[in-house]
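Worksheet: one structure, shown below.
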Protein chains: 2
Amino acid sequence: MPDPSAATPQPLSPDEEALVRALGQVMHVLPRVIDADMVGDRQLPLTEYTALMNLSETPERRMRMNELAALCHLSLSGMTRTIIRLETQGLVRRERCEEDARGWNAVLTDAGFARLTESWPSHLAAVRRRFLQHFEGFDLTQLALAFQRAGTAEPTD
Amino acid sequence: MPDPSAATPQPLSPDEEALVRALGQVMHVLPRVIDADMVGDRQLPLTEYTALMNLSETPERRMRMNELAALCHLSLSGMTRTIIRLETQGLVRRERCEEDARGWNAVLTDAGFARLTESWPSHLAAVRRRFLQHFEGFDLTQLALAFQRAGTAEPTD
DNA sequence: CATATTTGCTTGACCAATCAAGCACCGGTT
DNA sequence: AACCGGTGCTTGATTGGTCAAGCAAATATG
């Protein structure tokens, strides 16, 4: 950590500057266009898609709210509200958790699974077209590792 | 565009899958931690910082709402509201545009400039620590280009 | 030159996320 | 067995953004 009282720390290099600006743009634009592609195509916003997807990858197609929220990068209350939206569409059902009566499981219904299968190609195409396409020729493994490091934030110290 | 009636398009490779998931995490985590770092440090949220920064880089330290909104990746109304927040803190002033009486200029005040100078090191440190650090050894130029491509979204067709 | 259309910005209504407070249940203590 | 701190989730209030409608000035058109 540079001393905050040091008036002028080393500024970013032009490369770094360009990368940071571009990332800013991507972070802003990508979710929106992917969401727009999917909504236009299949009427399923990205957040809801992500929830369904995570549920579907589980053996029993069910998950505790806690865990689902973490996987969807959502706060617990955010997750509650997403599940409620999905529930009213009949794509998810909620069941009390057997081994802990405080807990709930979000359960993917057949309708939900159908919806997911239906939306999947659209999501896949959007991700390829909007993102992966631009990284042809890169070492994806290395890139993924770097992003995993950046995405694993240590708490603010 | 793949035919949507084609039931099963080619799924993502493990590499691609990992990259996409990691990017999802980064997009979610990075703005929050950087924002948190800065707010904890200097009480200036990222959106407002970005606005001040863009204003400061202009010769007269002023800009039309339109242009500023684009640079900040914000809708015009979002920009209006951000500027209002900044105005009430005295960091920005609004002046009618001389050559077009419909238009407004957001003008960085001295207080705003001071605030920016004060926050800059904190922002810089956060960006390095949270992001750039993890990309040492990468070809930043190539990476920046790829992100610029991904960030330049063609309208949904 | 009067009127219609377009442009630049603000405002109103809304929405999805957050945090903080609340409620119900669990598990360990005495 | 009555309590009590901790846990799992929901709910209320707020926030920061969006889109759509509105208004005023500019510009194009008959």
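Each chain gets a letter, A, B and so on, in the order its sequence line appears, and its residues count up from 1. All values derive from a computational prediction rather than experimental measurement. Side chains are part of it too, since the values below use all heavy atoms of this structure and drop only hydrogens, waters and symmetry mates.
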| Rounded to the nearest Å, what distance is computed from the CE atom of residue A:Met63 to the C1' atom of nucleotide D:dG8? | 16 Å
| query | Rounding to a whole Å, what distance do you find between A:Asp35:CG and D:dG17:P? | reply | 17 Å
| request: Would you list the pairs meeting ring pair (Phe, Tyr, Trp, His ring centres under 6.0 Å) in which at least one residue belongs to residues 54-81 of chain A, sequence neighbours left out? | output: A:His73-B:His28
| said: Once salt bridge (charged side-chain N to carboxylate O under 4.0 Å, His left out) is applied, do any residues pair with A:Glu95, and if so which ones, sequence neighbours excluded? | reply: A:Arg62, A:Arg93
| task | Could you state the atom-to-atom distance from CD of A:Glu95 to P of D:dC9 in whole Å? | result | 14 Å
| query | With B:Asp100, which residues qualify under salt bridge (charged side-chain N to carboxylate O under 4.0 Å, His left out), at least two apart? | reply | B:Arg102
| Heavy-atom protein contacts under 4.0 Å, nucleotides 6-16 of chain C, coded B base, S sugar-phosphate only, - none | -BSBBBBB---
| said: I need the CG-C1' distance between B:Leu74 and D:dT15, as an integer number of Å. | reply: 14 Å
| field | A:Ile83 CD1 - D:dC9 C1' separation (whole Å) | value | 12 Å
| Side-chain (A:Arg96) to main-chain (A:Ala101) donor-acceptor, under 3.5 angstrom | yes
| field | Rounded distance in Å - CZ (A:Arg96) to P (C:dC25) | value | 6 Å
| said: Between C1' on D:dG17 and CE on A:Met27, what's the gap in Å once rounded to a whole number? | reply: 16 Å
Do any side-chain atoms of residues 74-87 of chain B form donor-acceptor pairs under 3.5 angstrom with protein atoms, and if so which ones, sequence neighbours left out?
residue, atom, partner, partner atom, Å
B:Ser75, OG, B:Ser77, OG, 3.4
B:Ser75, OG, B:Gly78, N, 3.0
B:Thr80, OG1, B:Leu76, O, 3.1
B:Thr82, OG1, B:Gly78, O, 3.0
B:Thr82, OG1, B:Arg85, NH2, 3.3
B:Arg85, NE, B:Glu48, OE2, 3.1
B:Glu87, OE1, B:Arg94, NE, 3.4
B:Glu87, OE1, B:Arg94, NH2, 3.2

| field | With sequence neighbours excluded, residues passing side chain to side chain donor-acceptor pair (under 3.5 Å) with A:Thr58 | value | none
